Each structure stands twice: as structure tokens, then as C-alpha cells.
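Here is the structure we will look at, set down as C-alpha cells.
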Protein chains: 2
Amino acid sequence: MTSTDPHGGGTQTQQRRPTRQRRAVAAALAGFDDFRSAQEIHDLISRQGDSVGLATVYRTLSSLAEAGEVDMLRNEDGEAIWRSCSDTHHHHLVCRTCGATVEVEGPAVERWTNAIAAEHGYADLSHTLEIFGTCPTCR
Amino acid sequence: MTSTDPHGGGTQTQQRRPTRQRRAVAAALAGFDDFRSAQEIHDLISRQGDSVGLATVYRTLSSLAEAGEVDMLRNEDGEAIWRSCSDTHHHHLVCRTCGATVEVEGPAVERWTNAIAAEHGYADLSHTLEIFGTCPTCR
DNA sequence: AGCAATGTTGAGAACCATTGTCAAACTGCG
DNA sequence: CGCAGTTTGACAATGGTTCTCAACATTGCT
Ligand SMILES: [Zn+2]
Ligand SMILES: [Zn+2]
Ligand SMILES: [Zn+2]
Ligand SMILES: [Zn+2]
């Protein structure tokens with residue numbers, strides 16, 4: 001490799017430049033506290049006067065997700081939905097109607113998934129766990 | 001609510017006619033013990049000499065899923081994948097590489113999800129829980 | 001400021017899994 | 001056989017997501 005990487009620590013694989021577009025996506029995410037599709041996020045940005053290409057919204061959301069700054073999951077139609085979340089491992093309780101989301105943690109569940117996987121000799125684990133329902137408001 | 005169909009005859013909402021195509025899909029499913037996409041299932045049917053339209057494969061898989069005779073979940077790309085499963089509620093431990101699948105049950109997890117949801121006043125619940133990893137063979 | 005190197009953007013095309021269309025073929029039941 | 005309702009399949013249409021690539025922005029350097 002030829003990377004120079006001045007003063008940085010080791011292999012700075014990618015520098016995330018602060019652009020107007022990325023700030024707009026971050027701002028839009030901050031405006032929601034529930035899961036939204038890329039389209040909805042794109043729409044909100046437009047409605048706020050800013051203009052960001054849809055492809056850029058997708059790119060930004062993906063890289064934020066990889067960086068662990070947003071959570072991405074799929075609704076029942078398989079569409080990706082996104083939400084800025086706390087950075088610790090957690091799961092979600094999501095309202096099927098309005099999207100209202102509660103972050104939940106379950107140490108016992110984490111232990112259980114690991115135990116089950118180990119028991120069957122599976123390694124390099126990951127898991128998905130989401131609860132869907134109708135929130136008190138939507139009833 | 002308006003649901004009729006008291007266990008027996010009532011409003012037989014749909015009669016599943018045994019056609020050559022539906023038998024072919026069922027046979028293909030029986031030939032796998034791991035999750036496969038509709039395309040893969042369609043391919044296997046073709047390779048076996050049978051010929052079933054892709055749309056029919058989708059239709060059959062969907063109705064089987066609704067009937068609870070197959071499980072459908074989404075891989076990390078959001079594509080639907082299907083597998084014939086036991087008819088009791090369970091989750092899956094899936095090999096990310098070869099697809100090898102283990103059905104797992106966790107009464108404690110079921111209780112936990114219900115408790116969490118109730119605690120926040122959510123009703124009409126459902127949940128997804130899948131564990132992904134690398135199976136012993138694939139290591 | 002000027003400049004070169006490299007990362008970023010966006011309009012639109014391309015992808016591709018999934019669903020819709022609808023006339024033709026099939027099934028269950030007399 | 002003949003009818004009524006169901007199912008099928010070739011193909012079009014959807015729609016979310018990714019790709020393309022030339023124009024543009026940012027960074028680092030002089
Ligand atoms: Zn709600
Ligand atoms: Zn977890
Ligand atoms: Zn494997
Ligand atoms: Zn469960």
C-alpha cells in the first residue's frame with residue numbers, strides 16, 4: 001500500500017469530508033425519532049429547502065450505518081428504514097402504524113443467542129431482533 | 001370484528017387446489033433444508049424437468065407462508081428467502097456462507113419480548129429474531 | 001491565491017426482486 | 001360433457017436501490 005496518512009494512527013481507511021449534503025442528512029435524521037425510509041428522509045430535506053440527490057442520501061445513510069451512527073432495519077415489505085440511535089448494542093420496539101420507536105436492551109437475550117450459537121458450533125455471530133406492535137397512541 | 005369461520009366449514013376463505021405446480025414447489029422445498037430465494041427454488045424446479053412460472057412460484061410460496069407451512073425471512077440484502085419449517089413458533093440460526101439452518105426455540109425470549117412490549121403499552125405484537133453466523137463446516 | 005490529487009455529487013440509466021395483467025387452461029362438481 | 005370459479009404464465013409494470021461518470025468540492029501544499 002501507498003497510503004501516507006500524516007500523523008494519523010495507522011491505516012486511516014477513509015476520511016469523511018464534511019459536506020453540505022452530509023450535514024443535511026444528519027440534520028434530517030435528528031428531526032426524526034423514528035425509523036424512516038431513504039425516500040422520506042430525502043423528502044424532508046427537500047421540504048426544508050435543501051437539495052440533496054437521492055443517491056447521495058443513500059450513500060450517506062449507508063456509510064453512517066457502517067460507522068454505527070444510525071441503525072438500519074427492514075420493514076415487513078423489505079424496505080430499508082433508518083434512524084439515528086445510541087451507539088450501544090440494542091434492539092427496537094416499533095409501532096407498525098406510526099413508527100414510534102423504543103430502544104430496548106436485553107442482556108439475557110444477548111447471552112441466550114450466544115449460548116445457542118456456541119452450542120451448535122457457529123462462530124462469527126450477529127443477530128437481528130425487532131419487536132413490532134401498535135403503540136398506545138395508535139390504538 | 002367480523003371474522004366468521006368457526007373452526008369448521010363457515011366461510012372457507014380459500015380452497016387450495018392441488019395442482020401440478022403447487023406440488024412441484026412443495027417438492028422443491030422438501031429438497032432443501034436451508035433457506036432459498038424464490039429464484040433458486042424456481043431454478044431447481046426447472047432443473048428437475050418440471051416447468052412452473054416464476055410468478056406462480058411466488059404466489060405459492062406466499063400462500064404457503066401465510067398458511068404457516070413455510071417460513072420466510074430476509075437476508076442481509078433484503079431479499080426474501082424461504083424454507084419449509086415445523087409449524088410451531090421458532091427462530092433460526094443460519095450459516096451466512098452455506099445457509100445451513102437450525103431451528104431454535106427460546107421460551108424465555110418469547111416471554112421477554114411480550115413483557116417489554118406490554119411495559120410500553122404496545123399491543124398486537126409480532127417479532128423477528130434470527131441469528132447469523134458461520135457453521136462448523138464452513139470454518 | 002494557485003494548483004494538483006482525490007473524494008463527492010447528481011441526473012439519469014440500469015438493476016432486479018417482486019407484483020400486476022388478463023386471456024387461456026384447468027379443476028371440482030354435477 | 002358443461003358451467004363457474006380458480007389457477008397459470010408470458011410479459012409488462014413497479015419501485016427501491018445501485019451504478020455511471022462528468023462536473024464539482026475539499027484538502028494539502030507551495
Ligand atoms: Zn403508533
Ligand atoms: Zn442484541
Ligand atoms: Zn455453513
Ligand atoms: Zn419468537
Side-chain angles (χ1 to χ4, degrees), chain A residues 1-8 11-28 35-46 48-67 70-83 99, chain B residues 9 11-28 35-46 48-67 69-83 99:
Chain A
M1 297 225 190
T2 57
S3 167
T4 43
D5 185 23
H7 81 73
T11 318
Q12 188 85 17
T13 26
Q14 53 193 348
Q15 50 262 44
R16 193 174 308 283
R17 290 183 180 173
T19 65
R20 172 181 66 77
Q21 291 86 340
R22 284 174 189 171
R23 252 171 277 130
V25 171
F35 280 89
R36 298 301 179 101
S37 70
Q39 288 278 359
E40 289 175 313
I41 292 166
H42 178 256
D43 288 350
L44 176 63
I45 294 174
S46 303
Q48 290 180 337
D50 262 312
S51 172
V52 176
L54 181 56
T56 299
V57 172
Y58 272 106
R59 278 186 293 242
T60 304
L61 288 173
S62 298
S63 77
L64 284 174
E66 247 175 275
V70 307
D71 280 1
M72 185 266 263
L73 59 87
R74 296 187 179 275
N75 66 19
E76 290 171 1
D77 295 327
E79 304 177 332
I81 50 180
W82 321 70
R83 174 179 188 265
Chain B
T11 316
Q12 189 82 17
T13 28
Q14 51 193 349
Q15 49 262 43
R16 193 172 310 284
R17 290 184 180 172
T19 65
R20 173 181 67 76
Q21 290 87 341
R22 285 174 189 170
R23 251 172 276 130
V25 171
F35 281 88
R36 300 301 180 101
S37 70
Q39 288 279 359
E40 289 175 312
I41 292 166
H42 178 256
D43 288 350
L44 176 63
I45 294 174
S46 302
Q48 291 181 334
D50 261 311
S51 171
V52 177
L54 182 55
T56 299
V57 173
Y58 273 105
R59 278 187 291 242
T60 304
L61 288 173
S62 298
S63 78
L64 284 174
E66 247 175 273
E69 295 180 48
V70 307
D71 279 1
M72 184 265 263
L73 59 88
R74 295 186 179 276
N75 66 17
E76 289 171 4
D77 294 327
E79 302 177 334
I81 50 180
W82 321 69
R83 173 178 188 267

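Lettering follows sequence order; numbering is per chain, from 1. Note that the coordinates shown come from a computational prediction; the quantities given were computed from them, not determined experimentally. These values consider heavy atoms only, across backbone and side chains, with no hydrogens, waters or symmetry-generated copies.
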> Under 4.0 Å between a side-chain N/O of Gln21(B) and OP1 or OP2 of dG9(D), yes or no?
Replying inline: yes
>> Using whole Å, what does the distance between atom P of nucleotide dT8(C) and atom CZ of Arg16(A) come to?
In response: 8 Å
> Got a sec, which residues hit side-chain contact (heavy atoms from CB on, under 4.5 Å) with Ala27(B), two or more places apart in sequence or on another chain?
Replying inline: none
>> One character per nucleotide, please: for nucleotides 16-28 of chain C, 5' to 3', B when the base has a protein heavy atom closer than 4.0 Å, S when only the sugar-phosphate does, - otherwise.
In response: -SSBBB-----BS
>> According to side-chain contact (heavy atoms from CB on, under 4.5 Å), who are the partners of Arg59(A), at least two apart in sequence or on a separate chain?
In response: Ala55(A), Thr56(A)
Could you go through residues 74-81 of chain B and list every donor-acceptor pair under 3.5 Å that involves a side-chain atom there, pairing it with any protein atom two or more places apart or in another chain?
from, atom 1, to, atom 2, distance (Å)
Arg74(B), NH1, Gly78(B), O, 2.8
Asn75(B), OD1, Asp77(B), N, 2.8
Asn75(B), OD1, Gly78(B), N, 3.1
Asn75(B), OD1, Glu79(B), N, 3.0
Asn75(B), ND2, Glu79(B), OE1, 3.3

>> Taking Asp50(B) first and then Arg20(B), would you say they form a salt bridge - that is, a charged N and a carboxylate O separated by under 4.0 Å?
In response: yes
> Does Gln39(A) have any side-chain contact (heavy atoms from CB on, under 4.5 Å) partners at least two apart in sequence or in another chain, and if so, which?
Replying inline: Ser37(A), Leu54(A)
> Contact class for Ser51(B) vs. all strands (heavy atom < 4.0 Å): base, sugar-phosphate, or nothing?
Replying inline: sugar-phosphate
> For Ala26(B), which residues count as a side-chain contact (heavy atoms from CB on, under 4.5 Å) partner, sequence neighbours excluded?
Replying inline: none
> For Arg22(A) and dA25(D), what is the distance between atoms CZ and P respectively, to the nearest whole Å?
Replying inline: 15 Å
